[in-house]
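Here the structure comes first, spelled out in structure tokens, and everything after it is commentary.
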Amino acid sequence: MRYWLMKSEPGEFSIDDLEAAPRRTTPWTGVRNYQARNFMRDLMQVGDRAFFYHSSCPEPGIVGIVEVAAPAYPDPTQFDAGSPYYDPKATPENPRWFNVEVKLVRKTRLVALKELKQHPELASMQVLRPGNRLSITPVDPREWKFITQRLLGLSGEVASPCP
DNA sequence: GCCAACGTTGGC
DNA sequence: GCCAACGTTGGC
């Protein structure tokens with residue numbers, strides 16, 4: 001299994017919106033970047049875990065842990081002419097964009113971007129790289145462990161379902 | 001609102 | 001295939 005970090009603007013879809021969603025699950029639609037798409041389509045598996053990250057807001061940072069609940073399938077918003085995510089070049093026979101579904105595992109305290117930057121153990125996290133705009137990034141297992149256990153105080157059992 | 005980073009587009 | 005122009009992201 002792999003670990004990830006997934007960004008969302010809380011003004012668009014926040015951790016509270018996820019908590020309020022049916023089955024605390026949501027399709028991760030609207031990703032329009034090929035690298036992020038490839039992560040979802042090619043690498044993400046049911047059971048993978050991810051940090052839910054609030055971006056473009058007063059206090060950017062990690063606010064929860066989610067789990068991949070459904071494997072990638074064609075993002076329906078690409079076919080919807082009324083959607084801001086409509087892509088006229090995509091067809092059901094030849095879909096361009098894919099989405100997984102994620103389920104809330106638990107909300108966490110805010111681990112602010114500011115705080116993440118203070119730990120040398122996390123210096124190589126992709127999300128900390130200047131100018132990083134990828135909405136989905138892989139997280140190294142050591143970084144995952146550091147954040148969940150050291151910073152959040154979760155037991156290994158809670159932080160990841162398998163060893 | 002500014003600006004750095006960087007992905008995408010389109011002319012050639 | 002190159003590359004300049006343009007648009008978007010996202011922290012500050």
Other residues, nucleotides, ligands: >12 heavy atoms within 6.0 Å of A:Arg142 CZ
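12 or below, so no.
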Give a yes or no on whether A:Glu59 atom CD has more than 12 heavy-atom contacts from other residues, nucleotides or ligands under 6.0 Å away.
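Check fails, neighbour count at 12 or below.
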Please report the closest heavy-atom contact between A:Met1 and A:Gly47, naming both atoms and the distance.
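Nearest pair, atom of A:Met1 first, then A:Gly47: CE-O, 3.3 Å.
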May I have the distance from [X] (atom [atom1]) to [N] (atom [atom2]), rounded to whole angstrom?
X	N	atom1	atom2	result
A:Asn132	C:dG11	CG	C1'	11 Å
A:Leu128	C:dC12	CG	P	10 Å
A:Asn38	B:dG7	CG	P	13 Å
A:Leu116	C:dC12	CG	P	11 Å

One pair to check against salt bridge (Lys or Arg N to Asp or Glu O under 4.0 Å): A:Glu67 and A:Lys103. What are the steps and the verdict?
CA-CA 5 Å; A:Glu67 179 174 290; A:Lys103 178 183 174 61; over 6 Å; no
Contacts under 3.5 Å, N or O only, protein and nucleotides 8-10 of chain B:
none

Would you tell me whether A:Asp75 and A:Thr77 have side-chain atoms, one donor and one acceptor, within less than 3.5 Å of each other?
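Note: A:Asp75 and A:Thr77 side chains meet the donor-acceptor criterion.
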Quick check, are the ring centers of A:Trp97 and A:Tyr85 under 6.0 angstrom apart?
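Not under 6.0 Å, so no.
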Looking across every strand, which nucleic acid part, if any, lies under 4.0 Å from A:Lys117 by heavy atom: base, sugar-phosphate, or nothing?
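The residue A:Lys117 makes sugar-phosphate contact but no base contact.
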